[in-house]
Amino acid sequence: MNQGERQDRAVGAVVGSAVGDALGAPFEFGPAGVYTTRFPDGMGEMCGGGGWDPGEATDDTQMAVLVGESLLERDGLDPAEMFGRFRRWAAGEPKDIGLQTEYVLTSGDPWDLAAALHFQVNGRAAGNGSLMRAATSAVYFARTDGPEPAARAATMDAARRIAALTHGDQAAWEGTAVLHDLIRVALNGDDPLTAVPGALAAIRDDRRERWATVLAPDWHPGLATEFNGAVWPCLGTAVWALRTTHTFEAALAAAIDAGGDTDTVAAVTGGLAGAVYGSGAIPSRWTEPLHVPLPGYGGRVLRAAQLAALARRLDSHRP
Ligand SMILES: [Mg+2]
């Protein structure tokens with residue numbers, strides 16, 4: 001595969017995730033089938049609603065941009081600096097922010113303790129909030145050269161460290177690590193579905209069984225044992241949406257039709273499907289209205305072209 005194709009997939013992952021986020025946001029907490037009911041002809045639009053303008057991306061994409069820009073400006077993972085960016089953003093009063101993420105970012109605790117302390121106090125920290133922002137870091141760390149096991153280990157380890165900034169539960173770390181690896185495989189031009197067993201083998205022994213359940217070839221959202229705001233059914237639904245469809249558009253429709261935390265499930269699905277199908281598969285009727293406000297950053301708003309430029313820089317950089 002040539003570099004142009006690879007770059008197109010990288011742009012697909014980052015813009016695809018943002019598009020999924022913005023497309024799914026108006027349907028958050030809706031019932032199953034909500035997208036198809038609204039768009040029976042399959043030609044879904046950026047419709048806005050629920051407090052979101054048409055094409056407006058939510059916290060998922062806003063945090064993904066912060067992750068990507070931190071990696072580029074610090075020339076690698078500087079967790080304290082990335083956490084500082086998250087904090088500045090949270091203080092800018094974003095329209096939406098996950099409960100757990102908000103608690104950790106506004107606690108005043110130091111970056112290397114805040115998430116662990118939250119987990120200690122609450123006992124539950126396996127929300128999908130570290131999964132939702134992973135498209136940018138997945139593109140960046142997919143670039144590690146070297147043999148397969150080393151490339152897989154490098155991206156999965158980076159994913160765990162970024163997830164740990166806001167999520168103390170290792171279930172969230174491992175799920176984010178799996179997503180990083182599936183996007184890495186897709187950017188190489190290979191089928192991420194065939195890479196699931198390899199990624200599962202690379203996660204912690206005591207976390208594997210639950211992940212193996214939701215990533216099994218016969219799993220579907222109807223089998224979920226918790227709300228898809230949790231990390232397991234969120235990634236499970238994204239992988240299921242990819243597995244059971246054949247286009248970028250159809251994958252997002254399936255993801256949003258699953259209902260629940262539709263912006264995040266669609267953001268994760270869009271990142272994966274975008275890496276598989278490339279940016280050319282993303283309809284312009286979705287990228288044209290797409291915009292990503294960055295609260296806390298002086299009214300900055302990124303459009304699709306700027307997200308694509310960010311993706312290209314993340315892809316061409318070698319960590
Ligand atoms: Mg969101």
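Whatever order the structure lists them in is the order used to number ligands and atoms, beginning at 1.
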K.L.:
What angle sits at the Mg ion (ligand 1) between OD1 of D59 and OD1 of D60, to 10°?
P.N.:
90°
K.L.:
Closer than 2.8 Å to the Mg ion (ligand 1), do we get an N, O or S atom from T58, backbone or side chain?
P.N.:
yes
K.L.:
Assess, by modelled atom type and distance only, whether the side chains of D181 and T155 contain a donor and an acceptor separated by less than 3.5 Å.
P.N.:
no
K.L.:
Between R133 and T166, do the side chains contain an N or O donor and an N or O acceptor separated by less than 3.5 Å?
P.N.:
yes
K.L.:
Between the side chains of W89 and Q62, does any donor sit under 3.5 Å from an acceptor?
P.N.:
yes
K.L.:
Restricting to N/O/S atoms, is D263 within less than 2.8 Å of the Mg ion (ligand 1) or not?
P.N.:
yes
K.L.:
Check for me whether R184 meets the cation-pi criterion with F141, that is, NZ or CZ under 6.0 Å from the six-membered ring centre and within 45 degrees of the ring axis.
P.N.:
no
